[in-house]
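Just below is one structure, and these are the notes that go with it.
For the numbers below, each heavy atom of this structure counts, side chains included, while hydrogens, waters and symmetry mates do not. These figures come from a predicted structure and were not determined experimentally. Throughout, numbering of the chain's residues begins at 1 and tracks the sequence.
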Amino acid sequence: MKNIFKNTIKAAILSSVLLSQTGCNDKDFLKENIFQLTSETSYQEPAQIELAINYLHNRMQYLSMSSYQFHNYIMTGLGLDVFFSTTPEFVTSNWKFLTPSEPGYTNYWVTGFSQIISYSNFIIEACDNPNVKFASETQKNQMKAEALFFRAWGHRGIVGLYGDWPVITQVQRSPKVDYVRAPRVDVWKQCREDLMFAAENLPLSTTKPGRIVRAAADHLLSEICISLGDHTKEQKYYDEAISAAGKVINGTDGDYQLMKNRFGARASEAGKDVYWDLFRSGNFNYQSGNKEAIWVVQYDYTTAISNTGGMPNNATTNKLLLEFAFQSSSFFANRQVKDAAGNNVFFFGEGATKFADGKSSQTGSDARGVGAAQNRPTNYFFYDSWENNGADIRNSEANIERNIKQAGGKPWKDVFDEIKARGDWNKIIPADTIRTIFPRLWKFSTDKHINGNPEFIDADIYIMRLPETYLLRAEAYMKKGQQALAMADINTVRGRSNARLITAAEVTMDFILDERARELFGEEYRLVTLTRLSSKENPVLVNRVKKYGWKFPDITNDVRPNIQNHQWVYPIPQSIIDANFGATFSQNDGY
């Protein structure tokens, strides 16, 4: 998890500085030289292109680890069927706030994906520049392939947010104000073209954790082809999806395998399992022995996202926020309630979520406890998606701790009952306590923090893992009517977790979405998964949210989830529409 992408925008600055080192003889000393920052003037050597590729990875770090904790969660499922914000007024936990003028969530992601597309185009153009002297055709094609992968990734993400979008494959050397939205099928077709080149030219392996390899391109190509098959009704795309995923699974793209045995530095610890191992520090990367890791964004708490997006390098920006976001709060929402001694009343007690070294598992503004939970998994994820009395290790106490106790060993339910026995318990336990007190997810938590500092959890972020590849192929098989083959892929994933093996008759899209939630909660871009399956006629995202989303009313008595049928895609930011004054940039229906 070393940060290998420390050189970011400095690449462009460095290039322009190098290019400005002209001769200073008497003849040309006063001659004015004007340099335009383009792919030709910025990238004249492979080393400079390498720096630019590093910046693409830096953008992924920023998108995945921003200090504004709600940002990454928009893509991984905030407000959908798997989890919601504990802030009732936040968009997609209260869908009436999802409007074209809402400034935060949309600008962050449209800017991030657009930057990835833009910088990818610069790199692609530079790779095709005959003046750049590559060591070999292989080096040139590998660099171009990595940029093409990122261009496809950026388009895939932005289509997942907004649906139809312009296909941007050229470097823009002047402001463009006349973009026209293309049907998302056309965008996916461009992604397919980019990924086919990437899959042919990316390396099978790399010694640098986080860099893109061939398996990542085929994994993403499989998803893109499924989307094309769904919305063009052309069966050939399902065949392509099956083929692409098969290359990852069958060894063509490298030795990828589901981890079935305990591994890593903590493998000898009793009471844990291999799924728990997958999320321990040092275990995320293929280079560390994790053979199901396909693409992992690298985290380094000292430098990972310093000075990106104008953010300072401090503890807040460098804290990995997954743990902070998904852990149950140790205090009540109403911190003004005091006990007889005048102290704040804590649900778990002062040391409830602290470990033997005295360090809390997370930090907050209150010195006696931890911060309030930012996101709460839905009851669908915590309870409905799991089989009763099942042996699925993903639902074991080691991975979803339900029997939380105070530091002294008292179960939290006993504490709850004691507080309820008080006459003023309704002042201590607000009606919305369920939003911030819930089982603990060890998938996004640790009892061993960096240097004992409770603010830091040293963990990378999975973007692609092999179980998802199996589930993508299963989806393609199912849509071709090959239920038995789909069943076999799903059972491969379930078998690793000791879950009950299913029958072919149980294979449905809903079941696959349930299995994705069980295996990939907080990892997959759940928003992209649900929007690619959706259309105006069949808004799968909306239907899932209505069925499984947050149903707990807030103090305004709004009935949740209050999503509307048109909200299977998000509104185009009004700022984009206004800036594109040279052509009509249409708003999504219903907004």
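R214 and E200 are not joined by a salt bridge, as no carboxylate oxygen comes within less than 4.0 angstrom of a charged side-chain nitrogen. Between R473 and D489 there is a salt bridge, with a side-chain nitrogen of the basic residue lying less than 4.0 Å from a carboxylate oxygen of the acidic one. A salt bridge links E506 with R500; the closest basic N to acidic carboxylate O contact falls under 4.0 Å. Ion pairing between a basic and an acidic side chain is recognised when a charged N comes within 4.0 Å of a carboxylate O; R518 and E387 show no such pairing. Here E223 pairs with R156 in a salt bridge; the nearest charged N to carboxylate O distance falls below 4.0 Å. Under a 4.0 Å N-O distance rule, the pair E475/R532 qualifies as a salt bridge. Using a cutoff of 4.0 Å between basic side-chain nitrogens and carboxylate oxygens, D81 and R544 are scored as salt-bridged. Contact check on E397 versus R402 returns no salt bridge, with no Lys/Arg side-chain nitrogen under 4.0 Å from an Asp/Glu carboxylate oxygen. Between R516 and E523 no salt bridge is recorded (no basic side-chain N to carboxylate O distance below 4.0 Å).
Checked against the 6.0 Å centroid threshold, Y238 and Y477 do not count as a close aromatic pair. For W295 and W153, the ring centers are positioned less than 6.0 Å apart. Taking the six-membered ring for Trp, F521 and F83 have ring centres closer than 6.0 Å.
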Determine whether E524 and R465 satisfy the following criterion, side-chain contact (heavy atoms from CB on, under 4.5 Å), listing intermediate values before the conclusion.
CA-CA 9 Å; E524 69 162 320; R465 275 197 304 122; over 6 Å; no

Given K260 and E292, is the salt bridge (charged side-chain N to carboxylate O under 4.0 Å, His left out) satisfied, shown in steps?
CA-CA 10 Å; K260 298 181 179 180; E292 65 184 67; over 6 Å; no

Output, in order, the C-alpha distance, side-chain angles, deciding distance and verdict of side-chain hydrogen bond (donor to acceptor under 3.5 Å, both in side chains) for E401 and W442.
CA-CA 7 Å; E401 185 180 6; W442 283 100; 2.8 Å; yes

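Judged by distance alone, with hydrogens and angles left aside, the side-chain atoms of Q298 form a donor-acceptor pair with the main-chain N or O of V296 at under 3.5 Å. Side-chain atoms of S396 never come within 3.5 Å of backbone atoms of D392 as a donor-acceptor pair (strictly under, hydrogens ignored).
Using the six-membered ring where Trp is involved, W109 and F113 have ring planes that are tilted, between 30° and 60° apart. Taking the six-membered ring where tryptophan is involved, the planes of Y256 and Y286 are tilted, since the angle between them lies from 30° to 60°.
When only modelled atom types and interatomic distance are considered, Y462 and N290 share a side-chain donor-acceptor pair under 3.5 Å.
Considering CG of N375 and CZ of F84, their distance stands at 9.0 Å, rounded to 0.5 Å.
The shortest distance between side-chain heavy atoms of V110 and L161 does not fall below 4.5 Å. With contacts defined as side-chain heavy-atom distances shorter than 4.5 Å, the pair K536/W568 qualifies. Residues S85 and L78 are in side-chain contact: their nearest non-hydrogen atoms beyond the backbone lie under 4.5 Å apart. With a 4.5 Å cut-off on side-chain heavy atoms, D164 and N588 do not count as touching.
For R262, the side-chain hydrogen bond (donor to acceptor under 3.5 Å, both in side chains) partners two or more places apart in sequence, or in a different chain, are D277.
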